[in-house]
Amino acid sequence: MKNLKNKIALITGGNSGIGFETAKAFVTQGATTIITGRRKEAIIEAADTIGAIPLVADQSLLSDIERLAAEVKERYGKLDILFINAGITGEAAMIADAREETFDSVMDINLKGAYFTLSRFIPLLQDGASVIFLSSNVASMNMPQSSIYQASKAALNTIAKTAALELAERKIRVNTVSPGPTRTQVLNKRYDPALVDGIWESLAGTVPLKKIGKPEDVAAMVVYLASESATFITGSDFVLDGGMKIS
């Protein structure tokens with residue numbers, strides 16, 4: 001079934017990981033799907049692979065966000081689905097050792113960028129549209145060496161709830177999806193494949209369900225929230241972490 005047929009969707013950070021899998025699912029469900037990213041070659045290659053539309057934009061820059069919104073308005077007029085997915089974790093560090101550069105880079109993308117992406121796209125959203133933020137289960141957990149990332153996602157959750165109230169009159173729904181450990185290619189860029197397998201296996205041992213999430217798991221939830229099946233859901237946070245948060 002093509003549950004998103006005739007819908008126009010935009011995903012920030014859509015060239016890899018969760019964003020890419022969600023874009024693939026959106027296309028399969030019939031949506032005209034726009035994906036954005038900072039690297040032109042990567043975003044074009046990803047879009048060509050799945051039949052999406054590539055637009056280059058850096059979520060950390062307000063000028064890029066506003067240019068992106070203007071381009072989407074010119075091409076499509078309106079937007080039915082906005083998945084604000086782009087984000088970074090930054091370097092792990094204790095609060096006492098935190099660097100300003102890390103704070104600024106994480107907050108510029110995860111918080112400021114996500115906030116102004118929503119802000120500048122609100123005029124383009126159709127009444128009844130769906131907005132989904134990619135958050136994280138750490139937004140409501142307390143993990144040493146992750147304070148900056150946790151703070152960025154906790155703030156994002158608060159913004160989403162406020163936006164849900166502000167946009168309710170237009171029947172626009174705003175929700176967050178908060179994955180736990182999800183196996184993407186991010187570690188493969190830093191470590192030897194054998195070491196990466198060991199890291200994921202170790203992480204799985206901390207999860208009550210003893211498994212690691214897949215990007216497809218998150219994509220399925222985002223597709224549901226974007227569909228007509230979720231028209232009575234707003235201001236909610238959906239945690240996909242195998243039980244970590246409750247353990």
Side-chain angles (χ1 to χ4, degrees), residues 9-26 29 35-37 46 59 81-90 92 106 109-111 113-114 117-118 130-143 145-161 164 173-190 196-197 199-227 230 233-247:
L10 186 143
I11 300 173
T12 66
N15 62 287
S16 63
I18 290 169
F20 179 76
E21 289 300 329
T22 304
K24 188 193 302 184
F26 279 0
Q29 292 292 326
I35 60 174
T36 76
Q59 188 171 281
I81 303 161
L82 177 59
F83 181 30
I84 303 174
N85 163 76
I88 60 173
T89 58
V106 171
I109 295 175
N110 294 8
L111 181 55
T117 297
L118 172 62
S130 177
V131 177
I132 303 108
F133 287 98
L134 185 72
S135 186
S136 169
N137 68 335
V138 303
S140 52
M141 299 173 69
N142 303 295
M143 302 176 67
Q145 301 188 58
S146 188
S147 60
I148 296 173
Y149 179 63
Q150 288 173 177
S152 72
K153 294 301 188 179
L156 196 64
N157 287 7
T158 297
I159 290 164
K161 288 178 171 58
R173 298 169 289 112
V174 185
N175 295 288
T176 54
V177 174
S178 296
T182 305
R183 186 156 190 168
T184 65
Q185 296 299 311
V186 64
L187 293 181
N188 296 67
K189 300 174 184 178
R190 302 182 187 179
V196 169
D197 288 339
I199 292 172
W200 288 120
E201 185 176 341
S202 176
L203 274 173
T206 70
V207 178
L209 289 182
K210 304 303 179 189
K211 61 183 289 189
I212 294 296
K214 299 178 294 183
E216 295 89 338
D217 299 327
V218 184
M221 177 57 74
V222 176
V223 168
Y224 173 73
L225 291 172
S227 75
I233 301 173
T234 195
S236 296
D237 180 39
F238 294 83
V239 179
L240 292 78
D241 70 352
M244 286 181 68
K245 183 179 173 182
I246 59 172
S247 65

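Considering all non-hydrogen atoms of both residues, Leu240 and Asp217 come closest at CD2-O, 3.6 Å. The minimum heavy-atom distance between Asn175 and Gly235, with the atom names listed, is OD1-N, 3.2 Å. Closest of all the heavy-atom pairs between Leu156 and Leu134 is CD2-O, 3.7 Å. Between Leu203 and Pro181, the closest heavy-atom pair is CD1-CB, 4.4 Å. Among all heavy-atom pairs drawn from Ala139 and Asn157, the shortest one is CB-ND2, 3.6 Å. Taking both residues in full, the closest heavy atoms of Asn85 and Gly19 are given as ND2-CA, 3.5 Å, listed atom of the first, atom of the second, then distance.
For the pair Asn110/Ile88, a side-chain contact is recorded, criterion being any heavy-atom separation below 4.5 Å from C-beta on. Looking at heavy atoms from C-beta onward, Phe83 lies out of side-chain contact with Thr12 at the 4.5 angstrom threshold. The side-chain heavy atoms of Ile81 and Phe26, taken from C-beta on, include a pair separated by under 4.5 Å. Looking at Ser136 and Tyr149, their side chains come closer than 4.5 Å, going by heavy atoms from C-beta outward. Proximity of Val131 to Arg173: side-chain heavy atoms (C-beta onward) are nowhere separated by under 4.5 Å. Between Ile84 and Gln59 there is a side-chain heavy-atom pair separated by less than 4.5 Å. When side chains are defined from C-beta on, Leu225 counts as touching Phe238, because their heavy atoms get closer than 4.5 Å. Put simply, the side chain of Gln150 reaches to within 4.5 Å of the side chain of Met143, judged on heavy atoms.
With hydrogens and angles ignored, the 3.5 Å screen pairs no side-chain donor or acceptor of Glu21 with any backbone N or O of Glu216. The closest donor-acceptor contact from the side chain of Ser135 to the backbone of Ser178 lies at 3.5 Å or more, if one exists at all. In terms of modelled atom types and a separation under 3.5 Å, the side chain of Ser247 and the main chain of Met244 share a donor-acceptor contact. Not a single donor-acceptor pair under 3.5 Å links the side chain of Thr182 to the backbone N or O of Gly213.
Lys153 has no carboxylate O lying under 4.0 Å from a charged side-chain N of Asp237, or vice versa, which leaves the two without a salt bridge.
If you take OG1 on Thr89 and CD1 on Ile109, they are separated by 10.0 Å, rounding to the nearest 0.5 Å. Taken from OG1 in Thr117 to CG in Leu82, the straight-line distance is 7.0 Å, to the nearest 0.5 Å.
Residue Pro179 forms a side-chain contact (heavy atoms from CB on, under 4.5 Å) with just one option from Asp241, Ile18, Asn137, and that option is Ile18.
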Would you check, one step at a time, whether the test side-chain contact (heavy atoms from CB on, under 4.5 Å) holds for Arg183 with Ile199?
-> CA-CA 10 Å; Arg183 186 156 190 168; Ile199 292 172; over 6 Å; no

For Val177 and Phe133, run side-chain contact (heavy atoms from CB on, under 4.5 Å): C-alpha distance rounded to whole Å, both residues' side-chain angles, the deciding distance at 0.1 Å, then the answer.
-> CA-CA 6 Å; Val177 174; Phe133 287 98; over 6 Å; no

Just do the side-chain contact (heavy atoms from CB on, under 4.5 Å) check on Asn15 and Thr36 with the steps written out, would you?
-> CA-CA 7 Å; Asn15 62 287; Thr36 76; over 6 Å; no

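Enclosure of atom NZ in Lys161 by more than 12 non-hydrogen atoms of other residues, nucleotides or ligands within 6.0 angstrom is indicated.
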